[in-house]
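All residue numbers refer to positions in the sequence shown, counting from 1. Values in this document were obtained by computation on a predicted structure and should not be read as measured data.
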Amino acid sequence: MAPIATTTQDIAADTIQAVKTALSVSASTSKTTTSHPLDPLSGVEIKAAVEIIKSHVQQDDSEAKIWFKHVTLHEPPKAELVKYLLATKERSATEGLPREAAALISRTTSGGVKYYEYIVSLDSDSVVSCQVVADLDHAPLDADEMVAAEEALLQDPEFAKVVEKLRLPEGAVVVADSWPYGCDTVDEVPRLIPMMTYYRTCSDLDSNHYATPLPLIPVMNPATMKLHSVEYTPIYGGESTETIESLWSKGENFPWEKHQPHEYKHDLQASIRGGLEPLEVVQKNGPSFKVDGRKVEWQKWEFVVGFNYREGLTLHDIRYDGRDLFHRLSISDMTVPYGDPRTPYHRKQAFDLGDVGAGVCANQLDLGCDCLGSIHYFSADMVTSKGDVKRMNNVVCLHEQDEGIGWKHTNFRTGNASVTRSRVLVIQMIITVANYEYIFAWKLDQAANIHLETRATGILSTVAIMPGETSPYGTIVNPGVLAPNHQHIFSVRMDPAIGGLGEGNTVVQEDSVPMAYDPKDPPKNNPWGVGYTVEKTPMEKSGFADAAPHKNRVFKIINPSQTNPISGRNIGYKLVPQPSQLMLSHPESVGFARAEFADHHIWVTKYKDGELFSGGQYTNQSSGNARGIKSWVARQDIVANEDLVLWHTFGLTHNTRVEDFPVMPCETHTISLKPVDFFTASPAIDVPPSTQAFNKSTLVNESCGSCR
């Protein structure tokens with residue numbers, strides 16, 4: 001990207017004064033008592049950034065039309081942030097860090113559409129930098145654009161002719177979901193939006209149109225909002241590439257009458273099961289957590305809740321019992337490649353975070369539905385395409401949850417038991433990306449463990465197939481409906497601060513391996529053949545590794561400068577990786593090249609400001625040029641006893657089944673970060689005992705013979 005401007009621009013004084021007045025009013029009426037440099041941009045800050053950018057564009061071209069993609073917090077350089085956090089931790093006097101906004105916009109002129117990245121100072125009301133985005137770097141989709149593309153398609157006269165030719169059932173209404181276009185070439189391709197199309201005959205807007213897919217994919221040009229092309233999809237099983245056009249050539253049509261409704265909405269279902277009594281989560285004394293602004297304290301934990309358009313929920317400055325653990329935790333990226341090799345399905349590969357954004361797609365969570373108990377919600381402000389502020393309420397929920405027994409021991413001689421319940425703090429976000437839902441929940445427990453629970457649910461992305469046909473590339477889930485097989489591959493970014501902010505850390509691979517043994521000549525150090533040892537391999541340079549469950553492989557983040565006084569080992573936290581299947585696309589395919597993070601479970605890089613997204617900044621229609629984690633690893637930086645970042649790739653290979661339709665039951669995967677020689681005893685040993693007086697359980701049918 002070539003810079004086109006890096007100078008401070010003067011903004012209209014009356015506009016800036018109005019924004020500053022709004023900021024002042026907002027601050028005086030805010031319910032929060034503290035602020036943090038990593039707090040998401042407020043609505044008034046977003047509006048201020050918008051006005052600065054508009055003024056800058058108008059000075060260059062007053063006729064240009066501006067479309068805002070995102071306006072988000074530009075996080076301070078880590079070196080400055082660490083200084084600030086250390087000063088606040090030591091309660092030293094310190095000035096707040098500068099507030100800056102990062103923005104992506106498009107400018108449409110007579111010469112076409114160009115995209116620009118902005119960094120804006122909200123303190124000096126100026127443009128810090130402005131760079132034009134390279135032509136091969138395609139901007140992500142946004143909510144307004146996807147809606148506009150569907151509306152334009154359904155009003156397009158050429159597409160209307162195609163729909164007329166389909167001869168759909170009377171009263172059918174066509175529905176079109178915007179999708180990322182994917183990529184199958186390294187050559188330059190214009191930015192496009194394919195539309196997965198369906199129809200519904202029910203008047204209810206929530207009727208399940210995924211049960212009635214159409215055998216075609218229209219493609220829109222978002223620059224003009226005109227129909228670019230129509231791609232007809234294969235309608236037979238096996239390797240056949242025949243489309244509905246082959247039926248038309250014989251005077252036949254797709255047998256729409258074979259389609260059957262398959263509803264998920266409770267109001268549209270024939271019946272709902274009974275016999276389920278309420279299970280109420282009640283905390284009469286209120287929750288155990290405290291929230292101050294976006295800072296949370298609970299059971300020795302302290303952290304700050306962040307939120308942005310792309311990653312959505314982020315956690316910052318994570319400490320336990322006053323000790324630093326992690327600087328930043330986030331879902332960095334994900335990809336969903338589909339396994340049907342036939343055109344145009346071969347391009348079907350979404351990067352939900354990079355192509356659209358988790359924050360953009362975040363749900364408004366409902367009390368008593370998505371989260372149970374005593375709930376605290378965090379909201380966020382986003383920008384619309386016109387530069388207005390969109391308030392997104394309740395995008396993150398915070399609540400406590402009982403997770404069963406925490407620890408227990410019964411003295412078999414006395415019969416006395418000591419037992420605790422495991423209470424966890426859940427920080428949860430749910431996103432909807434067209435048909436699919438993802439539930440991301442960070443869970444902190446009383447044993448100082450950090451868990452990331454990922455749940456996939458929602459509706460399968462379906463395609464049309466001739467009734468009676470089968471396919472090796474998926475499962476028939478409804479008459480005339482094929483659900484193709486696919487993968488969900490996630491990338492988690494962990495920026496550690498084991499032993500203190502600014503301290504060096506090292507990642508060590510540990511394998512449990514059997515000792516050498518020969519029954520004919522037993523070695524002296526393992527005469528009975530039962531011994532095993534732990535092999536430790538420090539990662540000296542940036543690189544990658546893979547899970548190995550047969551070796552009980554874990555990856556420890558240690559502080560080589562600090563030693564546990566009990567064990568004599570370096571303090572640390574270990575990642576227990578998910579040994580899930582990795583990318584199935586061929587290594588020479590474009591799809592494989594696009595998913596830079598998806599061919600290894602573990603990556604270690606040296607920290608560098610701005611390197612947040614393992615798939616690269618621009619994943620939409622990327623062809624392997626996104627400059628993500630592989631380019632960072634290629635630097636071969638020293639990462640031993642350095643400021644490093646640990647990345648974990650995991651996911652699920654989803655070979656579809658009938659039971660996944662009409663809505664897929666949650667598929668759950670969990671990864672964990674656990675202390676290793678970090679404490680001098682179990683951090684959960686002081687958790688209060690679990691007793692009936694505290695828990696107040698209810699006896700059913702006098703079934704307890706010796707309850708105490």
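- Between the side chain of Arg319 and the main chain of Trp301, no donor-acceptor pair closer than 3.5 Å is present.
- Put simply, the side chain of Asp333 does not reach to within 4.5 Å of the side chain of Ile629, judged on heavy atoms.
- The aromatic rings of Phe597 and Phe351 stand perpendicular to each other, their planes meeting at an angle above 60°, with 30° marking the opposite boundary.
- Here the two rings, on His56 and Tyr118, have centers that are under 6.0 Å apart.
- Side chain of Thr506 to backbone of Asn641: a donor-acceptor contact under 3.5 angstrom is found.
- Distance check: Lys556 NZ to Leu673 CG gives 13.5 Å after rounding to the nearest 0.5 Å.
- Under a 3.5 Å cut-off, the side chain of Glu188 and the backbone N or O of Leu136 do not form any donor-acceptor pair.
- Once rounded to the nearest 0.5 Å, the distance linking CD1 of Ile53 with CD of Glu51 reads 10.0 Å.
- The shortest heavy-atom contact between Thr335 and Gln349 is OG1-NE2, 3.3 Å.
- Checked for salt-bridge contact, Asp511 and Arg553 meet the test: a charged N lies under 4.0 Å from a carboxylate O.
- Closest non-hydrogen pair, Thr314 versus Asn308, comes out as CG2-ND2, 3.8 Å.
- Not a single donor-acceptor pair under 3.5 Å links the side chain of His70 to the backbone N or O of Val360.
- Glu75 has a carboxylate O that lies under 4.0 Å from a charged side-chain N of Arg328, or vice versa, which qualifies the two as a salt bridge.
- Panel note: side chain Ser379, backbone Asn394; a donor-acceptor pair is recorded below 3.5 Å.
- Atom NZ of Lys69 is separated from atom CD of Glu117 by 13.5 Å, given to the nearest 0.5 angstrom.
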Could you go through the side chain to side chain contact (heavy atoms under 4.5 Å, CB included) check for Leu81 and Leu38 one step at a time? CA-CA 9 Å; Leu81 184 58; Leu38 296 176; 3.7 Å; yes
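- Closest approach of His586 and Phe592 over heavy atoms only: O-CB, 3.0 Å.
- Formation of a donor-acceptor pair under 3.5 Å by the Asp546 side chain with backbone atoms of His601 is found in this model.
- Remark: Lys630 does not engage Glu596 in a salt bridge, criterion side-chain N to carboxylate O under 4.0 Å.
- Evaluation of the salt bridge (charged side-chain N to carboxylate O under 4.0 Å, His left out) rule for Arg323 yields no partner, not counting sequence neighbours.
- Here the side chains of Trp632 and Val645 are not in contact, with every heavy-atom distance at 4.5 Å or above.
- A salt bridge links Arg191 with Glu145: the closest approach of a Lys/Arg side-chain nitrogen to an acidic carboxylate oxygen falls below 4.0 angstrom.
- Take Glu100 and apply the salt bridge (charged side-chain N to carboxylate O under 4.0 Å, His left out) test, not counting sequence neighbours, and it matches no residue.
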Assess the residue pair Thr605 and Trp647 against the criterion (side chain to side chain donor-acceptor pair (under 3.5 Å)); give the C-alpha distance rounded to whole Å, side-chain angles, the decisive distance to 0.1 Å, and a yes or no. CA-CA 8 Å; Thr605 60; Trp647 314 73; 2.9 Å; yes
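- Ring pair His600/Trp603 is perpendicular by interplanar angle, where above 60° counts as perpendicular and below 30° as parallel.
- Of the N and O atoms on the side chains of Asp637 and Ser542, not one donor lies less than 3.5 Å from an acceptor on the other residue.
- The salt bridge (charged side-chain N to carboxylate O under 4.0 Å, His left out) contacts involving residues 641-654 comprise Lys78-Asp643, Lys606-Glu642, where partners must be two or more places apart or lie in separate chains.
- Rounded to the nearest 0.5 angstrom, Ile431 CD1 and Leu353 CG are separated by 5.5 Å.
- The number of heavy atoms from other shown groups lying within 6.0 Å of CZ (Phe544) does not exceed 12.
- Taking OH of Tyr309 as the start and CG of Leu41 as the end, the distance is 12.5 Å to the nearest 0.5 Å.
- Checked by atom type and distance alone, the side chain of Arg594 pairs as donor or acceptor with a backbone atom of Ser622 at under 3.5 Å.
- Aromatic ring centres of His488 and Tyr436 lie closer together than 6.0 Å.
- Listed by chain and residue number, nothing satisfies the salt bridge (charged side-chain N to carboxylate O under 4.0 Å, His left out) test with Arg493 (two or more places apart in sequence, or in another chain).
- Legend: residues meeting salt bridge (charged side-chain N to carboxylate O under 4.0 Å, His left out) with Lys541, ordered by chain and number and at least two apart, are absent.
- Side-chain atoms of Arg294 come within 3.5 Å of backbone atoms of Val305 as a donor-acceptor pair (strictly under, hydrogens ignored).
- Side chain of Asp355 to backbone of Asn620: a donor-acceptor contact under 3.5 angstrom is found.
- For the pair Asn449 (side chain) and Lys674 (backbone), a donor-acceptor distance under 3.5 Å is absent.
- Rounding to the nearest 0.5 Å gives a distance of 10.5 Å between CD1 of Ile498 and CD1 of Ile558.
- Among pairs with a residue in residues 607-620, those fulfilling salt bridge (charged side-chain N to carboxylate O under 4.0 Å, His left out) read Glu611-Arg635, at least two apart in sequence or across chains.
- A salt bridge does not link Asp381 to Lys47: none of the charged side-chain nitrogens sits closer than 4.0 Å to a carboxylate oxygen.
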